Amino acid sequence: MISDPSLFPKDLFRGKTVFVTGGGSGINLGVASNFAALGANVGICGRTQDKLGHAAIGLRELNAHVEGKVLPVAADVRDPAALASAIARTQSELGPIDVVVAGAAGNFLCPAEELSPNGFKTVIDIDLLGSFHASRAAFEQLRERHGCIIFISAPQAFVPQAYQLHVGAAKAGVDMLMRNLAVEWGKFGIRANSIVPGPIEGTEGLKRLSTPEADAKAKQVVPLRRYGSVDDIGQAAVFLASPLAAYITGTVLLVDGGSALVGSALWNQTVETLPRAKR
Ligand code: HXC
Ligand code: NAP
């Protein structure tokens with residue numbers, strides 16, 4: 001759960017504060033871990049305090065070399081007031097926020113004709129509104145710090161995939177939100193970018209959408225012939241937040257081994273063969 005620390009100075013983010021929504025598990029925890037390993041103070045938020053508390057133990061070990069701080073703070077990103085209060089607490093306990101990672105998301109497989117209005121709304125609320133709420137609530141701190149926002153998007157934003165209508169709409173919205181913020185907040189020294197992870201090994205997202213048999217087939221068509229790791233995404237996030245990316249804003253960075261290049265035809269066939277419980 002840690003990148004090769006020799007690739008960047010181990011104190012690159014010392015004294016900086018990174019706030020990660022959905023940071024208690026999976027890809028977002030991988031992102032939080034990579035920042036912690038480089039000395040950042042890290043705030044993680046999600047709905048489940050126990051899960052966050054457990055994740056925080058590992059993060060504290062990672063940034064112990066700079067006496068970094070870690071704050072697990074429960075909030076539902078759909079609740080702007082709760083999220084604003086989590087962000088305010090992060091500022092008061094860890095210092096003003098330099099980097100927001102908007103990664104909280106919800107997903108399930110569902111054919112469009114079976115998707116209920118509330119099912120559609122739920123994913124839009126978590127992914128899209130949640131990303132707006134995090135950006136908006138952190139604005140003053142980001143302006144003060146000339147910070148950046150990294151949105152965790154998905155290939156569904158631009159490659160239509162069967163049974164992923166809600167996710168496609170939500171993540172396309174996230175990428176457009178990102179571009180608008182890059183345009184409007186550039187003058188404040190705030191950068192905004194999206195990362196599009198490909199299929200990432202060992203994650204809840206993959207578990208919900210696939211099976212080991214389907215994964216074995218899918219890996220054969222990924223140009224790099226493997227799924228990604230949470231560190232692949234964490235390292236991209238660290239790069240985007242680093243001075244190396246000082247002139248990068250408004251971009252969607254695909255970290256997917258080339259997966260999007262081959263489209264969704266195989267997926268659209270495979271999804272029909274998955275057990276009913278998955279869809
Ligand atoms: C159809 C479903 C459904 C399903 C929920 N709904 N699951 N519809 N098929 N499998 C509908 C419900 O019926 C309800 O609509 C509405 O969605 C809200 O459901 P709740 O259970 O009340 O919602 P909530 O408790 O808020 O939970 C949100 C959730 C849940 C998204 C439904 O799964 C969740 O908490 N997920 C968080 C973790 C997660 O999804 N991680 C994966 C992220 S990965 P009605 O009409 O009945 O009221 C990701 C992957 C991208 O995004 C790409 C990977 C390759
Ligand atoms: P995950 O572990 O389930 O991550 C989602 C996180 O969001 C969880 O920690 C969850 O914690 C939190 N969350 C969900 N709803 C929330 C809410 N309403 N308020 C606050 N937090 C909430 O899944 P993952 O697969 O690692 O996905 C992480 C990100 O990567 C997502 O943005 C996903 O769309 C993206 N992505 C994943 C893949 C993949 O292969 N897995 C591919 C492309 C993109 P709680 O449930 O405790 O709240």
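Keep in mind that what you see is a predicted model, and the values were worked out from it rather than measured. Whatever order the structure lists ligands and atoms in, that order sets their numbers, starting from 1.
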Checking heavy atoms under 4.0 Å, the part of Arg47 that sits near ligand 2 is both
Specify the protein heavy atom at minimum distance from atom 35 (C) of ligand 2: its residue, its atom name, and the distance to 0.1 Å. Ile152 CG2, 3.7 Å
Just need the protein heavy atom nearest to atom 37 (C) of ligand 2, so name the residue and atom and give the distance. Ile27 CD1, 3.3 Å
Which is closest to atom 43 (C) of ligand 1 by heavy-atom distance: Gly168, Ala105, Ala157, Pro111? Ala105
Ring centres of Phe188 and His146 under 6.0 Å apart? no
Name the one of Asp256, Asp232, Asp215 that satisfies side-chain hydrogen bond (donor to acceptor under 3.5 Å, both in side chains) with Tyr227? Asp215
Can you tell whether the side chains of Arg145 and Glu140 come within less than 4.0 Å, N to carboxylate O? no
Would you mind running through ligand 2 and noting each atom that sits below 4.0 Å from a heavy atom of Pro199? 40 (O)
For Arg60, does the CZ atom sit with more than 12 other heavy atoms under 6.0 Å from it, leaving out its own atoms? yes
Ligand 1 atoms in contact with Arg78 (distance to a heavy atom under 4.0 Å): 26 (O)
Quick check: is Leu7 connected to Ile150 through a chain of hydrophobic side chains (ILVMFWY, heavy atoms under 4.5 Å apart)? yes
Of Gly205, Ala55, Gly22, the one whose closest heavy atom lies nearest atom 12 (C) of ligand 2 is Gly22
Against heavy atoms of Gly26, which atoms of ligand 2 measure under 4.0 Å? 2 (O), 26 (O)
For the pair Lys217 and Glu213, find out whether any cationic side-chain nitrogen is under 4.0 Å from an anionic carboxylate oxygen. no
Protein contact of atom 5 (C) of ligand 2 - nearest heavy atom, named by residue and atom, plus distance: Ala105 O, 3.9 Å
For the pair Arg78 and Asp125, find out whether any cationic side-chain nitrogen is under 4.0 Å from an anionic carboxylate oxygen. no
Which of the atoms in ligand 1, numbered in the order shown and given with their element, are less than 4.0 Å from a heavy-atom of Gly119? 11 (C), 15 (O), 16 (C), 17 (O)
Sub-4.0 Å atoms of ligand 1 with respect to non-hydrogen atoms of Leu209: 54 (C), 55 (C)
Between Asn193 and Thr251, do the side chains contain an N or O donor and an N or O acceptor separated by less than 3.5 Å? no
Atom 8 (C) of ligand 2: nearest protein contact (heavy atom, Å): Ser25 OG, 3.3 Å
Could an N or O of ligand 1 be found under 3.5 Å from any N or O of Asp127, whether backbone or side chain? no
Judged by non-hydrogen atoms, does Gly198 sit under 4.0 Å from ligand 2? yes
For ligand 2 and Asp127, I'd like to know whether there is a polar contact (N/O to N/O, distance under 3.5 Å). no
Atom indices of ligand 2 within 4.0 angstrom of Arg78 heavy atoms, with elements: 18 (N)
If we count only N and O atoms by modelled type, under 3.5 Å, do the side chains of Glu204 and Asn107 hold a donor and an acceptor together? no
Looking only at protein heavy atoms, identify the closest one to atom 19 (N) of ligand 2 and say how far it is in Å. Val77 N, 2.9 Å
Can you tell me which portion of Arg208 lies within the under-4.0 Å heavy-atom range of ligand 1? Options are side chain, backbone, both, or neither. side chain
Strictly distance-based, threshold 3.5 Å: is any side-chain N or O of His54 a donor or acceptor partner for the main-chain N or O of Asp50? no
For Gly103, state whether at least one heavy atom is located under 4.0 Å from any atom of ligand 2. yes
Side chain to side chain donor-acceptor pair (under 3.5 Å) between Tyr163 and Glu272, worked out: CA-CA 9 Å; Tyr163 301 177; Glu272 303 288 349; 3.1 Å; yes
Under 4.0 Å from one or more heavy atoms of Glu204, ligand 1 contributes atoms 41 (N)
Ligand 2 contacted by Thr21 (non-hydrogen, < 4.0 Å): no
Ala75: heavy atom below 4.0 Å from ligand 2, yes or no? yes
Part of Pro197 with heavy atoms under 4.0 Å of ligand 2, whether side chain, backbone, both or neither: both
Mark the output for Lys171 as yes if a heavy-atom distance to ligand 1 is under 4.0 Å, and as no if none is. no
Minimal non-hydrogen separation, Leu128 against Ala170, with atom names: CB-O, 4.0 Å
Are Val221 and Trp267 connected, step by step, through hydrophobic side chains (Ile, Leu, Val, Met, Phe, Trp, Tyr) whose heavy atoms are closer than 4.5 Å? no
Give a yes/no verdict on whether any heavy atom in Lys171 is under 4.0 Å from an atom of ligand 2. yes
I'd like to know if the side chain of Asp79 and the backbone of Ala75 have a donor-acceptor N/O pair within less than 3.5 Å. no
Will you find, in the side chains of Asp231 and Asn34, an N or O donor that is under 3.5 Å from an N or O acceptor? yes
Ignoring hydrogens, just give me the one of Leu109, Thr122, Leu115 whose non-hydrogen atom is nearest atom 23 (O) of ligand 1. Thr122
Does Thr48 approach ligand 2 within less than 4.0 angstrom via side chain, backbone, both or neither, non-hydrogen atoms only? both
Nearest-neighbour protein heavy atom for atom 10 (C) of ligand 2, which is reported as residue plus atom name and distance: Lys51 NZ, 3.9 Å
Under the 3.5 angstrom rule, does the side chain of Thr17 hit a backbone N or O of Asp98 as a donor-acceptor pair? no
Regarding ligand 2, does Ile200 bring an N or O atom to under 3.5 Å of one of the ligand's N or O atoms? yes
Protein contact of atom 13 (N) of ligand 2 - nearest heavy atom, named by residue and atom, plus distance: Ala104 CB, 4.0 Å
So which atom in Ala32 and which in Ile44 form the shortest heavy-atom distance, rounded to 0.1 Å? CB-CG2, 4.1 Å
Quick one: which ligand 2 atoms are inside 4.0 Å of a heavy atom on Leu206? 41 (N)
The closest protein heavy-atom partner of atom 41 (N) of ligand 2 is Thr203 OG1, 2.7 Å
Counting from 1 in the order shown, the ligand 1 atoms closer than 4.0 Å to a non-hydrogen atom of Arg47 are 27 (O), 34 (C), 35 (O), 37 (C)
Which atom of Phe108 lies closest to which atom of Leu115, heavy atoms considered: CE1-CD1, 3.7 Å
Quick one: do Val18 and Leu244 end up in the same hydrophobic cluster if we chain Ile, Leu, Val, Met, Phe, Trp and Tyr together by side-chain heavy atoms under 4.5 Å apart? yes
Closest to atom 15 (O) of ligand 1 (heavy atoms only, candidates Ser259, Ser116, Ser25) is Ser116
With a 4.0 Å cut-off on heavy atoms, is Ser153 in contact with ligand 2? yes
